[in-house]
Number of protein chains: 2
Amino acid sequence: MPTAPPLGLRERKKLRTRREIAEAANHLITEHGIEHVTIEQIAAAADVAPRTFFRYFDSKEDAFLSDHRDKLATFRAALLERPANEGALTAVRTALLGLADIYEIDRDEVLCKARLVAESPGLHLRSLELHADLQQSIADAIATRMHVDLADDMRPAVIAAAVSGALQAALGHWVANGAREDLPTLVGAALDLLDGGLDEFGRP
Amino acid sequence: MPTAPPLGLRERKKLRTRREIAEAANHLITEHGIEHVTIEQIAAAADVAPRTFFRYFDSKEDAFLSDHRDKLATFRAALLERPANEGALTAVRTALLGLADIYEIDRDEVLCKARLVAESPGLHLRSLELHADLQQSIADAIATRMHVDLADDMRPAVIAAAVSGALQAALGHWVANGAREDLPTLVGAALDLLDGGLDEFGRP
DNA sequence: AAGTAACTTGGCATGCGCTGCCACTTTAGC
DNA sequence: GCTAAAGTGGCAGCGCATGCCAAGTTACTT
């Protein structure tokens with residue numbers, strides 16, 4: 001694994017500024033709703049110029065969802081670090097359960113953000129984009145482990161869509177029910193549903 | 001089924017205007033790329049005021065993808081009209097193959113638009129939204145046919161995610177290979193992959 | 001057939017999102 | 001310390017998107 005690089009003052013300042021902007025966005029948007037918060041306000045709360053905001057984030061949606069993006073980056077790293085001899089589905093399943101753990105840890109924050117995402121079309125769109133990125137990561141990993149090319153063989157893409165969709169569905173169900181159930185258990189159940197095949201459903 | 005209502009002059013004019021705006025958007029965006037086309041230009045080409053554009057579409061992306069939205073509306077209608085005694089998966093599969101037929105009919109146009117969507121972040125986002133709508137329609141249909149509630153039982157959502165993901169993957173593969181293969185066949189193969197279960201994949 | 005109500009359209013004004021550009025300050029490496 | 005590189009802030013500008021109101025058009029009623 002890559003050893004931690006010694007961050008200079010510059011890098012630490014940048015990370016700090018980024019975090020302050022993201023936190024300002026979180027607070028303001030959580031309290032007032034995203035359409036009632038301007039980038040100017042977020043920048044003022046983070047004590048930077050509006051122009052600086054755009055050096056760190058493309059939009060206020062990006063800033064608000066940066067936590068989520070970080071979680072998915074962690075997932076991606078975990079997936080890449082699974083043992084090479086592990087089967088594709090096993091690796092993905094393990095990494096997805098790890099992601100579910102992360103969501104469970106930040107339970108309240110995830111729940112709160114999910115409600116705001118559901119109410120805002122713009123946030124919903126960005127959220128879909130993050131999910132598509134996740135799906136792409138999974139497809140890449142599966143193709144690598146199956147020793148096939150994504151361009152030639154569509155099976156990895158199909159499996160990735162199904163698996164990431166299962167996560168999405170489990171997450172949606174978890175959020176809709178106020179996060180009362182155990183998320184990793186839900187995700188595991190959703191994945192089991194796929195593993196067993198869908199043939200049993202839908203016959204009259 | 002609902003009988004066709006007799007459209008008055010007003011309604012016909014509105015449909016015509018909508019079509020003209022969409023066609024103007026198609027031509028201009030196809031030729032120059034979406035980021036080099038302004039709404040003002042689209043409105044001028046359609047011979048309406050810029051203000052009027054926004055009475056028909058929320059954005060130029062919406063106008064450009066209105067064909068696609070119509071196709072998905074057709075799919076939704078076809079899915080709802082499947083026989084009530086048909087199994088959930090069978091109904092969805094049949095409707096999806098019908099959608100694949102529609103794509104195949106407009107092969108060149110679909111292919112051209114898909115390339116533009118892949119190149120434009122904004123278009124990609126809107127396209128993801130359309131896919132999410134499709135997935136929701138499928139989840140509703142499956143829940144109805146399984147006689148369960150989406151809020152209580154997450155299985156319909158999981159299955160819908162997998163199935164619509166299969167379509168998406170097949171479509172992506174079809175486009176990536178220049179639409180040389182038969183799309184309904186591809187979609188069928190992707191669905192078969194899910195029906196059989198994923199257990200066979202991923203073991204080392 | 002005339003009049004009225006409802007609807008569509010166009011133009012105006014406005015606010016916000018986002019980007020390019022340049023000058024100023026701060027950090028890094030020699 | 002000196003120079004090069006990088007981060008920051010302010011400015012100007014374009015395009016998107018919406019509210020509002022006046023003018024023109026269609027639909028319905030008597």
Side-chain angles (χ1 to χ4, degrees), chain A residues 5-26 28-29 32-66 116 119-127 129, chain B residues 5-25 28-29 31-66 116 119-127 129:
Chain A
L7 294 186
L9 175 57
R10 221 172 235 174
E11 312 295 325
R12 280 181 281 135
K13 260 193 171 178
K14 275 172 64 178
L15 285 179
R16 205 169 60 93
T17 303
R18 181 182 180 87
R19 223 200 41 204
E20 285 173 350
I21 295 176
E23 285 185 3
N26 277 337
L28 288 173
I29 292 175
H32 303 107
I34 193 164
E35 57 261 13
H36 297 114
V37 175
T38 68
I39 289 179
E40 200 176 356
Q41 293 171 331
I42 296 174
D47 205 43
V48 295
R51 186 64 184 86
T52 301
F53 175 92
F54 288 106
R55 299 188 198 280
Y56 287 91
F57 298 102
D58 287 341
S59 61
K60 51 187 177 184
E61 286 84 3
D62 259 16
F64 184 69
L65 293 176
S66 73
L116 290 171
E119 285 169 2
S120 158
L123 277 177
H124 185 239
L125 271 184
R126 300 284 180 162
S127 172
E129 186 182 28
Chain B
L7 294 185
L9 174 57
R10 223 172 233 173
E11 312 295 326
R12 279 181 281 136
K13 260 193 172 178
K14 275 173 63 178
L15 285 179
R16 205 170 60 93
T17 303
R18 183 183 179 87
R19 224 200 41 206
E20 285 172 353
I21 294 176
E23 285 186 3
L28 288 173
I29 292 175
E31 183 160 4
H32 304 108
I34 194 166
E35 58 261 13
H36 296 115
V37 174
T38 68
I39 289 181
E40 201 175 355
Q41 292 171 331
I42 296 174
D47 205 42
V48 296
R51 186 64 184 84
T52 300
F53 175 92
F54 287 105
R55 299 190 198 281
Y56 287 90
F57 299 102
D58 287 340
S59 62
K60 52 187 177 184
E61 286 85 3
D62 259 17
F64 183 69
L65 293 176
S66 72
L116 289 171
E119 287 170 0
S120 158
L123 277 178
H124 184 240
L125 270 185
R126 299 285 179 161
S127 171
E129 186 182 28

Could you tell me the separation between the [atom1] atom of [X] and the [atom2] atom of [N], rounded to a whole number of Å?
| X | N | atom1 | atom2 | answer |
| --- | --- | --- | --- | --- |
| A:Glu35 | C:dC16 | CD | C1' | 14 Å |
| B:Tyr56 | C:dC7 | OH | C1' | 11 Å |
| A:Gln41 | C:dG15 | CD | P | 14 Å |
| B:Arg55 | C:dG10 | CZ | P | 9 Å |

Spacing of [atom1] belonging to [X] relative to [atom2] belonging to [Y], to within rounding of 0.5 Å:
| X | Y | atom1 | atom2 | answer |
| --- | --- | --- | --- | --- |
| B:Ile29 | B:Leu116 | CD1 | CG | 8.5 Å |
| A:Asn26 | A:Ile21 | CG | CD1 | 12.0 Å |
| B:Ser66 | B:Glu23 | OG | CD | 9.5 Å |

Which residues pass the side chain to side chain contact (heavy atoms under 4.5 Å, CB included) test with [X], sequence neighbours left out?
| X | value |
| --- | --- |
| A:Ala45 | A:Ala24, A:Leu28 |
| B:Pro50 | B:Glu40, B:Ala43 |
| B:Ile39 | B:Phe53, B:Phe54, B:Lys60 |
| B:Arg18 | B:Tyr56, B:Phe57 |

Under 3.5 Å: donor-acceptor pair, side chain of B:Gln41, backbone of B:Thr38
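Pair found, side chain donor or acceptor close to backbone of B:Thr38.
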
What are the two closest non-hydrogen atoms of [X] and [Y], and how far apart are they?
| X | Y | value |
| --- | --- | --- |
| B:Ala22 | B:Ala63 | CB-O, 4.1 Å |
| B:Ile34 | B:Ser120 | CG2-OG, 3.5 Å |
| A:His32 | A:His36 | O-ND1, 3.2 Å |

Partner set under side chain to side chain donor-acceptor pair (under 3.5 Å) for B:Ser59, not counting sequence neighbours
B:Glu61, B:Arg126

Partners meeting side chain to side chain donor-acceptor pair (under 3.5 Å) with B:Arg16 (sequence neighbours left out)
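Scan of B:Arg16 (side chain to side chain donor-acceptor pair (under 3.5 Å), adjacent residues dropped) gives B:Glu20.
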
Please identify each residue that fulfils salt bridge (Lys or Arg N to Asp or Glu O under 4.0 Å) with B:Arg55, with sequence neighbours left out.
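Expected list: none.
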
Between the protein and nucleotides 28-30 of chain C, which nitrogen or oxygen pairs are less than 3.5 angstrom apart?
unit_1: C:dA28; atom_1: OP1; unit_2: A:Leu9; atom_2: N; d: 2.9
unit_1: C:dA28; atom_1: OP1; unit_2: A:Arg10; atom_2: N; d: 3.2

So if I take the C1' atoms of five pairs at each end of the helix from C:dA1-D:dT30 to C:dC30-D:dG1 and get each local axis, what angle do the two axes make, rounded to 10 degrees?
30°

Check each residue of residues 18-25 of chain B for a non-hydrogen atom within less than 4.0 Å of any atom in DNA chain D, then write out the ones that pass by number, or none.
none

Filtered N/O pairs between nucleotides 17-19 of chain C and protein, under 3.5 Å:
unit_1: C:dG17; atom_1: OP1; unit_2: A:Lys60; atom_2: NZ; d: 2.9
unit_1: C:dG17; atom_1: OP2; unit_2: A:Ile39; atom_2: N; d: 3.4

Reading DNA chain D from 5' to 3', where do the contacts with chain A start and stop? Cut-off is 4.0 Å to heavy atoms.
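Answer, 5' to 3': D:dA5 to D:dC11.
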
Side-chain N,O (B:Thr52) to OP1/OP2 (C:dG10) below 4.0 Å:
yes

